[in-house]
Peer 1: 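This is the structure, below, for whatever I ask next.
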Amino acid sequence: MSFDNRRKQVMSCFERAPLGGMKAALAGRESVTSQRALLRLGMLWAGRMRLGSSGIFVGILLVLVHTAAACEFGPVPDRATGIVCRMTKPAALLLNQETAQVIQAAFRNANFPNITGERSVRLLGKVAYGLSNIQVNDLSIEQSEVELKENDAIDIAIKNVTAVFKGTLTYGYAGAWFLQLFHSVDFEIESSIDLQINIKLMCQEDQVAADASDCYLSFHKLTLHLQGDKEPGWLKQLFTDFISFTLKFVLKREVCNEINYLAQVLANYVHDLAANFVRDEDIGLDISLASDPLIKANYLESHHKGLVMYKNYSDVFSDSVFSPSLLSESRMLYFWLSEHILNSLASAAFLDERLVMNISGKKLQALFEIEDTEVQQKAVQLIFQGTSYNDSVAKVWSLTHPEISLQPEGTVVKSLVAVEINIFPPGEEPLMVLYMEKEITVTIQAAYAEKKLILQPLDSRIEFKVFKWAADPSENDQSIRNFLQKMISVVGIPEVISRIEPALTSLMNSKGLHLFEIRNPEIITRKGYLIVQLDFSFPNHLLLDFLQKGF
């Protein structure tokens, strides 16, 4: 394609853009260099027009999506609350300390478009310009403050954000007495900005969404430096004046859009973290919102359904006892869980056949050799009949789903449990030597320390329902029963609990919680509910690393 045809296409772009007068102003003789510069400028303006039209479309689309994504709750949403998460003002202040990393990521990841414009200048005619390849350097933040505005927004005020923007300035101008001139020169723009962000919390697609679109930039300084400052002083002043407004608009749009995006990325991360934390294979919890998230003067709070999800298992909950007064505001983070959740999880575990355990070898030996007495020796001889522990297996399983009751003294678990012992004498058929069913009630206190969950049984009650063993069909040997009851209480129950602890600890430590460092966690039980309260911190650079990897 000839330069003349290319010029016609470019001029056509100018006529469609707000540069209709450029065609007449630049109608004189043109060099090859000027045509190429003009072509670049024309493409910049055409690009701006495309961006503008698509922006309108995206805006309409966002309104439609926002309208369609509204959540619907039942007539009494508070009664459907199974889980509550409360983040207090101290946690908000800690998160505010990390705000600098988020803002730096916002500036760094913002996609600054090419900026174009024109200006009529006396004697010179119209001056067209384009800023391209805009990048951010030397970003620093002096101060950040956060305030929780009750029933409104999270108000974040960031002061004195200094940054240097670098890029390329291309400009062209023509007048009655001058030839057309087109130039490209590198530029730097020094800026000092205050940033105001008002983050709204809402429910979208049944989860907490953060809307940071209420975002404002105030400029205290915006100084343009051209390459070497060799250009005429009037030209520098000209561009400083009429580029400033355009640049301010673009910075506000791109930086605020990026902050809004980062806010939603972090909200989605927390939601996904929670969803994964409460899921183990086929068993999970529905953590969709039971009501709209709350912003109070001293805390943020979200209420979740907490219904158990397991295959065709149907969970219903409509009698929550939660009240805001049940949680305080002295710790950073609180989780409130209904007793119903623990019972439903126990039912799902029972249906999934997880409440089964086999014990053999040294573990079995430890159970039966808790004491060296005549009764113990008699029990071992009658039950195992000389067969080694390695050739014997004790199977323990729950006959019904456990019943869990939360009380001030701890978590009370009641279950009907079966125990079956089989021996495998070498060269002989397997033989079931003992079968018993017993109702066990045990009170457990839970604690979390040094990244380990600790379950401590406090007391237990054991009631035999069925007792059959090959050595005593009459079942009249009470001494053996007493020994077995003591064995179960002293060693058997702690052994079962010890099998549960590592699994729960692994679950708590492997679901992305490495982003936070948990401090001084407490697990408190009350009648009908459980509270986990803790403080936390961010290990150095982990949040920044997450933001960088997220892109």
Side-chain angles (χ1 to χ4, degrees), residues 346 349-404 413-444 455-505:
F350 171 75
L351 294 173
D352 202 42
E353 299 181 351
R354 297 192 185 192
L355 307 183
V356 180
M357 182 174 64
N358 291 318
I359 306 173
S360 63
K362 292 183 178 180
K363 291 285 186 180
L364 189 59
Q365 182 178 1
L367 288 176
F368 279 87
E369 295 186 2
I370 59 171
E371 61 184 31
D372 186 12
T373 63
E374 182 178 344
V375 173
Q376 177 266 338
Q377 293 174 3
K378 177 182 178 182
V380 169
Q381 179 60 38
L382 291 175
I383 294 173
F384 294 100
Q385 302 174 21
T387 305
S388 70
Y389 293 113
N390 289 331
D391 294 323
S392 306
V393 175
K395 179 182 177 182
V396 183
W397 73 99
S398 183
L399 294 171
T400 60
H401 69 82
E403 298 176 11
I404 297 178
V413 182
K414 182 178 180 181
S415 182
L416 183 61
V417 177
V419 177
E420 180 182 281
I421 297 180
N422 289 275
I423 60 174
F424 302 84
E428 299 181 25
E429 291 294 321
L431 177 64
M432 185 182 74
V433 293
L434 178 65
Y435 175 84
M436 53 185 172
E437 295 177 6
K438 53 195 180 299
E439 186 177 83
I440 299 178
T441 303
V442 58
T443 301
I444 302 171
L455 302 177
Q456 180 65 44
L458 297 183
D459 63 77
S460 60
R461 299 186 300 277
I462 301 171
E463 180 182 352
F464 285 97
K465 300 294 185 181
V466 177
F467 189 88
K468 298 179 180 179
W469 62 318
D472 183 16
S474 64
E475 306 173 20
N476 291 326
D477 196 331
Q478 189 62 39
S479 63
I480 301 298
R481 285 199 187 197
N482 293 339
F483 167 75
L484 291 174
Q485 182 165 336
K486 181 179 179 181
M487 178 198 73
I488 293 169
S489 178
V490 175
V491 184
I493 293 175
E495 171 63 21
V496 172
I497 292 175
S498 71
R499 298 286 187 97
I500 298 174
E501 283 178 338
L504 293 177
T505 297

Peer 1: Are Leu367 and Tyr389 packed together at the side-chain level, in the sense that at least one heavy-atom pair is separated by less than 4.5 angstrom?
Peer 2: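 Side-chain contact under 4.5 Å: no.
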
Peer 1: If you take all heavy atoms of Asn390 and Gly361, which pair is closest and at what distance?
Peer 2: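 Smallest interatomic distance, heavy atoms only, reads OD1-CA, 3.2 Å.
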
Peer 1: Enter the distance from Lys468:NZ to Glu437:CD here, rounded to the nearest 0.5 Å.
Peer 2: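 Between Lys468 NZ and Glu437 CD, I get 8.0 Å after rounding to 0.5 Å.
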
Peer 1: Going by heavy atoms in the side chains, are Arg481 and Leu484 under 4.5 Å from each other?
Peer 2: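 No - every pair of side-chain heavy atoms lies 4.5 Å or more apart.
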
Peer 1: Judged by modelled atom types alone, do Ser460 and Ser489 share a side-chain donor-acceptor pair under 3.5 Å?
Peer 2: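 Result is yes, a qualifying pair exists.
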
Peer 1: Give me the ring orientation class for Tyr435 and Trp397: parallel if the planes are under 30° apart, tilted from 30 to 60°, perpendicular past 60°.
Peer 2: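 Tilted: the ring planes of Tyr435 and Trp397 meet at 30° to 60°.
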
Peer 1: Which heavy atom of Glu439 sits nearest to which heavy atom of Leu416, and what is that distance?
Peer 2: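 The answer is N-CD1, 4.0 Å.
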
Peer 1: From Ile440 CD1 over to Lys414 NZ, what is the distance, rounded to the nearest 0.5 angstrom?
Peer 2: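 Output value for this atom pair is 12.5 Å.
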
Peer 1: May I ask you to decide if Asp372's main-chain N or O and Gln377's side chain share a donor-acceptor pair within less than 3.5 Å?
Peer 2: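 No; judged by distance alone, with no hydrogens or angles, the pair does not exist.
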
Peer 1: Show your reasoning for whether side-chain contact (heavy atoms from CB on, under 4.5 Å) applies to Lys465 and Leu399.
Peer 2: CA-CA 12 Å; Lys465 300 294 185 181; Leu399 294 171; over 6 Å; no

Peer 1: Could you measure the distance from the CD1 atom of Ile444 to the CG atom of Leu458? Nearest 0.5 Å is fine.
Peer 2: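 Reported value, rounded in 0.5 Å steps: 8.5 Å.
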
Peer 1: Which atom pair, heavy atoms only, marks the closest approach of Ser415 to Ser398?
Peer 2: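 Here Ser415 and Ser398 meet closest at OG-OG, 3.0 Å.
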
Peer 1: Let me see the working for Leu364 and Phe384 under side-chain contact (heavy atoms from CB on, under 4.5 Å), right down to the final yes or no.
Peer 2: CA-CA 11 Å; Leu364 189 59; Phe384 294 100; 3.8 Å; yes

Peer 1: Apply side-chain contact (heavy atoms from CB on, under 4.5 Å) to the pair Asp391 and Ile423, showing each step before the final yes or no.
Peer 2: CA-CA 6 Å; Asp391 294 323; Ile423 60 174; over 6 Å; no

Peer 1: Contact between Phe368 and Val491 at the side-chain level, heavy atoms closer than 4.5 Å - yes or no?
Peer 2: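 With C-beta onward as the side chain, the pair stays apart.
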
Peer 1: Any idea how His401 and Phe350 line up, ring-wise: parallel (<30°), tilted (30 to 60°), or perpendicular (>60°)?
Peer 2: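 Rings of His401 and Phe350: perpendicular, as their planes differ by over 60°.
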
Peer 1: Of all heavy-atom pairs between Pro457 and Ile493, which one has the smallest distance, and what is that distance?
Peer 2: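 Reported closest heavy-atom pair: CB-CG2, 4.4 Å.
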
Peer 1: Walk me through it: do Val419 and Lys438 pass the test side-chain contact (heavy atoms from CB on, under 4.5 Å)?
Peer 2: CA-CA 8 Å; Val419 177; Lys438 53 195 180 299; 2.6 Å; yes

Peer 1: Distance from Gln485 atom CD to Gln478 atom CD, nearest 0.5 Å?
Peer 2: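 Going from the CD atom of Gln485 to the CD atom of Gln478 covers 8.5 Å.
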
Peer 1: Do Met436 and Val466 come close enough that some side-chain heavy atom pair is under 4.5 Å?
Peer 2: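 A side-chain contact is absent here, since even the closest heavy-atom pair is not under 4.5 Å.
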
Peer 1: Rounded to the nearest 0.5 Å, what separation is found between the CD1 atom of Ile488 and the CD1 atom of Ile462?
Peer 2: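 Going from CD1 on Ile488 over to CD1 on Ile462, the span is 5.0 Å.
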
Peer 1: I'd like to check Thr387 versus Val433 (side-chain heavy atoms, cut-off strictly below 4.5 Å). Are they in contact?
Peer 2: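 Side chain of Thr387 against side chain of Val433, heavy atoms only: no contact under 4.5 Å found.
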
Peer 1: Counting C-beta onward and ignoring hydrogens, is there a side-chain heavy-atom pair between Phe424 and Val393 closer than 4.5 Å?
Peer 2: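 They are in contact (side-chain heavy atoms under 4.5 Å apart), so the answer is yes.
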
Peer 1: Taking all atoms of both residues into account, what is the closest heavy-atom pair of Lys395 and Val356, and its distance?
Peer 2: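 The pair with the smallest heavy-atom distance is CE-CG1, 4.0 Å.
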
